K.L.:
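Please read through the structure below; I'll follow up with questions.
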Amino acid sequence: MHINQEASNTKGAPTRDVILVSTVLTLSLSITIIMCGLCQWCQRKLGKRYKNSLETAGTPDSTRGIRSEKKTLKLQTGGKTTSASGVPGQGQSEDPDRKTDQHASVSDLVNSLTSEMLMLSPGSDEDDGHDTSGRENLGRIQFSVGYNFQESTLTVKILKAQELPAKDFSGTSDPFVKIYLLPDKKHKLETKVKRKNLNPHWNETFLFEGFPYEKVVQRVLYLQVLDYDRFSRNDPIGEVSIPLNKTDLTQMQTFWKELKPCSDGSGSRGELLLSLCYNPSTNAIIVNIIKARNLKAMDIGGTSDPYVKVWLMYKDKRVEKKKTVVMKRCLNPIFNESFIFDIPTEKLRETTIIITVMDKDKLSRNDVIGKIYLSWKSGPGEVKHWKDMISHPRTAVAQWHQLKA
């Protein structure tokens, strides 16, 4: 009997070990499952995205042409010096930026008008190819170029442009063209400004006189289309460049060229994610400034102190301004601030919302990082966002926008 009891105890020992190991494994597995669940919850909370597609929208047309004019640039190419005479004055000045207001009312945070947020995120695989920053139409320009061998004169004729984007909050632009022969950027010629016109006709002729053909073929014809602004810096619209050594200059050649983003840094100001929500029952638009990414560094230390101003405009007049808090030393700030603007339905077509990302500076004037104009008559990406807001009432529609100069 004693021997049998010891054998029984010997058999029971491994059973307790198995139970202990099973308990430890069960606890470890439970903790792992809980941690995975928390990670997935955090990912859904921080990175929720919604697929959505928007209809494309065009830009308004404008008026027709005007008489042809000639302007001359005489160049003396002997030696290293180049002098220009007869460069036409345009009567326009590139004034410094207007002082920005520093005070704004802060609205209450919004919490109850949206049941679902529609997300359009340019540049991602989830937006079905809607890339407003890369595919935005900047319009096109028509011009002619040719060389007179007897008079050693290069002739450039700026004819017209079509489908230019709106740069002003009124939904239009005041375009003009600067003409350079690169690499020389000192001397330029300019067309006249065409007021409130997205399809301007210039029909202006420019002569580069006293220019040997051997020198001409070493140059690049560079055309820059800008929007004239009386109170601030002119806004770049787009550019075209043609190496003259690849062009038959023996007779006047006419070109249609698509405008490309200007290479002066205006295309690298960063992006802003914001949502719009319109409630027709309360006649209110909610603008939610969510976050920005890859903002242009405006400070010496390679960073910025960004904040966002939101202006409500009606018929080219400022109605109301609001702004976010300043995010210190941050090029990818998260704001998550909402503002309510009262706008009756019948006034929507004459309403523009101007979003301006600013860099706060204690010692000098605040710098403009970039702007967005939202209305029926803005650029294609902005119009899509505006129309999608109208077609989805009481729903916040979010979209990334490329900041512009």
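This structure is a prediction, so every number in the text was calculated from the model and none was measured.
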K.L.:
Please give me the minimum heavy-atom distance between Leu138 and Pro261, naming the atom from each residue.
P.N.:
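Shortest heavy-atom contact: CD1-N, 3.4 Å.
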K.L.:
Rounded at 0.5 Å granularity, tell me how far CG in Leu159 sits from OG1 in Thr254.
P.N.:
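If we round to the nearest 0.5 Å, Leu159:CG and Thr254:OG1 are 6.0 Å apart.
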K.L.:
Return the minimal non-hydrogen interatomic distance between Ala297 and Leu331, and the atom names on each side.
P.N.:
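Minimum heavy-atom contact is CA-CD2, 4.0 Å.
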K.L.:
When the ring centroid of Phe208 is compared with that of Phe206, is the distance short of 6.0 Å?
P.N.:
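Between Phe206 and Phe208, which both carry aromatic rings, the centre distance is not below 6.0 Å.
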K.L.:
Answer yes or no: is there a side-chain heavy-atom contact under 4.5 Å between Leu312 and Phe339?
P.N.:
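Leu312 vs Phe339: side chains apart.
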K.L.:
Under 3.5 Å, is there a donor-acceptor pair between the side chain of Trp202 and the main chain of Lys192?
P.N.:
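Yes, Trp202 side chain to Lys192 backbone: donor-acceptor pair under 3.5 Å.
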K.L.:
Relative to each other, are the rings of His401 and His385 parallel, tilted or perpendicular (30° and 60° limits)?
P.N.:
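Taking His385 first and then His401, their aromatic rings lie parallel (interplane angle under 30°).
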K.L.:
Asn366 vs Asp359, test: side-chain contact (heavy atoms from CB on, under 4.5 Å). Steps then yes/no.
P.N.:
CA-CA 6 Å; Asn366 298 333; Asp359 171 49; over 6 Å; no
K.L.:
Mind checking what makes side chain to side chain donor-acceptor pair (under 3.5 Å) contact with Gln162, not counting sequence neighbours?
P.N.:
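Side chain to side chain donor-acceptor pair (under 3.5 Å) check on Gln162 returns Arg140.
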K.L.:
Can you tell me how far the CD atom of Glu382 sits from the NZ atom of Lys404, to the nearest 0.5 Å?
P.N.:
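Glu382 CD to Lys404 NZ: 4.0 Å, rounded to 0.5 Å.
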K.L.:
In this structure, are over 12 heavy atoms from other groups packed under 6.0 Å from Ile334 atom CD1?
P.N.:
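No, the 6.0 Å shell around CD1 holds no more than 12 heavy atoms from other groups.
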K.L.:
Could you check if a side-chain atom of Asp235 sits within less than 4.5 angstrom of a side-chain atom of Ile237, using non-hydrogen atoms only?
P.N.:
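No, every pair of side-chain atoms sits at 4.5 Å or beyond.
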K.L.:
Walk me through it: do Thr247 and Leu221 pass the test side-chain contact (heavy atoms from CB on, under 4.5 Å)?
P.N.:
CA-CA 10 Å; Thr247 305; Leu221 177 62; over 6 Å; no
K.L.:
Within a strict 4.5 Å, meaning less than it, do heavy atoms of the Leu403 and Lys371 side chains meet?
P.N.:
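Result no, sub-4.5 Å side-chain heavy-atom pair not found.
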K.L.:
Test side-chain contact (heavy atoms from CB on, under 4.5 Å) on Ile355 and Ile289; report intermediate values, then the result.
P.N.:
CA-CA 9 Å; Ile355 312 291; Ile289 307 299; 4.3 Å; yes
K.L.:
Look only at the side chain of Asn199 and the backbone of Glu163, and say whether a donor-acceptor pair between them is shorter than 3.5 Å.
P.N.:
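Yes, the answer is positive, given that a donor and an acceptor are paired below the 3.5 Å cut-off.
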K.L.:
Using atom types as modelled and distance alone, determine if a side-chain donor or acceptor of Thr324 lies under 3.5 Å from a backbone N or O of Val308.
P.N.:
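Side chain of Thr324 to backbone of Val308, a donor-acceptor pair under 3.5 Å: yes, one is there.
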K.L.:
Are the side chains of Ile343 and Tyr314 in touch, meaning some heavy atoms are under 4.5 Å apart?
P.N.:
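Ile343 does not reach Tyr314 side chain to side chain.
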K.L.:
Would you please name every residue forming a ring-ring contact (aromatic ring centres under 6.0 Å, His included) with Tyr180, sequence neighbours left out?
P.N.:
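Partners of Tyr180 under the ring-ring contact (aromatic ring centres under 6.0 Å, His included) test: Tyr222.
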K.L.:
To the nearest 0.5 Å, what is the distance between CG (Asn283) and OG (Ser281)?
P.N.:
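Atom-to-atom, Asn283:CG and Ser281:OG are 8.0 Å apart.
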K.L.:
Mind listing the closest non-hydrogen atom pair of Lys196 and Asp174 along with its distance?
P.N.:
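In terms of heavy atoms, the two residues are closest at N-OD1, 2.7 Å.
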K.L.:
Does Lys322 count as lying over the ring of Phe341, i.e. NZ or CZ under 6.0 Å from the six-ring centre, within 45 degrees of the axis?
P.N.:
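Positive - Lys322 is close enough to the ring of Phe341 and near enough to its axis.
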K.L.:
Going through the distances and angles, do Trp311 and Thr352 end up as a side-chain contact (heavy atoms from CB on, under 4.5 Å)?
P.N.:
CA-CA 8 Å; Trp311 268 108; Thr352 300; over 6 Å; no
K.L.:
Evaluate the side-chain proximity of Asn148 to Thr155: yes if any heavy-atom separation is below 4.5 Å, no if none is.
P.N.:
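SC-SC contact between Thr155 and Asn148 ruled out.
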K.L.:
Mind checking the CG-OG1 spacing from Leu276 to Thr395? Nearest 0.5 Å is all I need.
P.N.:
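Taking CG in Leu276 and OG1 in Thr395, the distance rounds to 12.0 Å.
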K.L.:
Are any side-chain N or O atoms of Tyr147 and backbone N or O atoms of Val217, one a donor and one an acceptor, separated by less than 3.5 Å?
P.N.:
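Between the backbone of Val217 and the side chain of Tyr147 there is no qualifying donor-acceptor contact (under 3.5 Å).
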K.L.:
For residues 241-262, which residue pairs qualify under ring pair (Phe, Tyr, Trp, His ring centres under 6.0 Å), counting only residues two or more places apart or in two chains?
P.N.:
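Sorted pair list: Phe143-Phe255.
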K.L.:
Between Gln402 (side chain only) and Gly270 (backbone N and O only), is there a donor and an acceptor less than 3.5 Å apart?
P.N.:
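Present.
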K.L.:
Where do Ala284 and Ile340 come nearest, in terms of heavy atoms and distance?
P.N.:
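Closest heavy-atom pair between Ala284 and Ile340: CB-CG2, 3.9 Å.
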K.L.:
State plainly whether the residues Glu350 and Lys315 are in salt-bridge range, i.e. N to O under 4.0 Å.
P.N.:
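Lys315 and Glu350: not salt-bridged.
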K.L.:
Can you tell me how far the NZ atom of Lys160 sits from the CG atom of Asn197, to the nearest 0.5 Å?
P.N.:
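It is 12.0 Å, given to the nearest 0.5 Å.
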K.L.:
Within the 4.5 Å heavy-atom criterion, are Leu374 and Val287 side-chain neighbours or not?
P.N.:
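The answer is no, as the side chains (C-beta and beyond) never meet within the 4.5 Å cut-off.
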K.L.:
Hey, is the main chain of Lys296 close enough, under 3.5 Å, to the side chain of Arg269 for a donor-acceptor pair?
P.N.:
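Judged by distance alone, no pair lies under 3.5 Å.
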K.L.:
Using a 4.5 Å cut-off on heavy atoms from C-beta on, say whether the side chain of Tyr373 contacts that of Ser375.
P.N.:
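In short, these two side chains do not touch, never coming nearer than 4.5 Å.
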K.L.:
If every non-hydrogen atom of Met389 is compared with every non-hydrogen atom of Ile285, which pair is closest and at what distance?
P.N.:
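For Met389 and Ile285, the tightest heavy-atom pair comes out as CE-CD1, 3.8 Å.
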K.L.:
Looking at CG of Asp305 and CG of Leu295, how far apart are the two atoms once the value is rounded to the nearest 0.5 Å?
P.N.:
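If we round to the nearest 0.5 Å, Asp305:CG and Leu295:CG are 11.0 Å apart.
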K.L.:
For residues Arg394 and Pro280, determine if any side-chain heavy atom of one lies less than 4.5 Å from a side-chain heavy atom of the other.
P.N.:
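Side-chain contact under 4.5 Å: yes.
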K.L.:
List the atom of Phe176, the atom of Asp227, and the distance in Å for their closest heavy-atom pair.
P.N.:
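Shortest heavy-atom contact: CE2-C, 4.4 Å.
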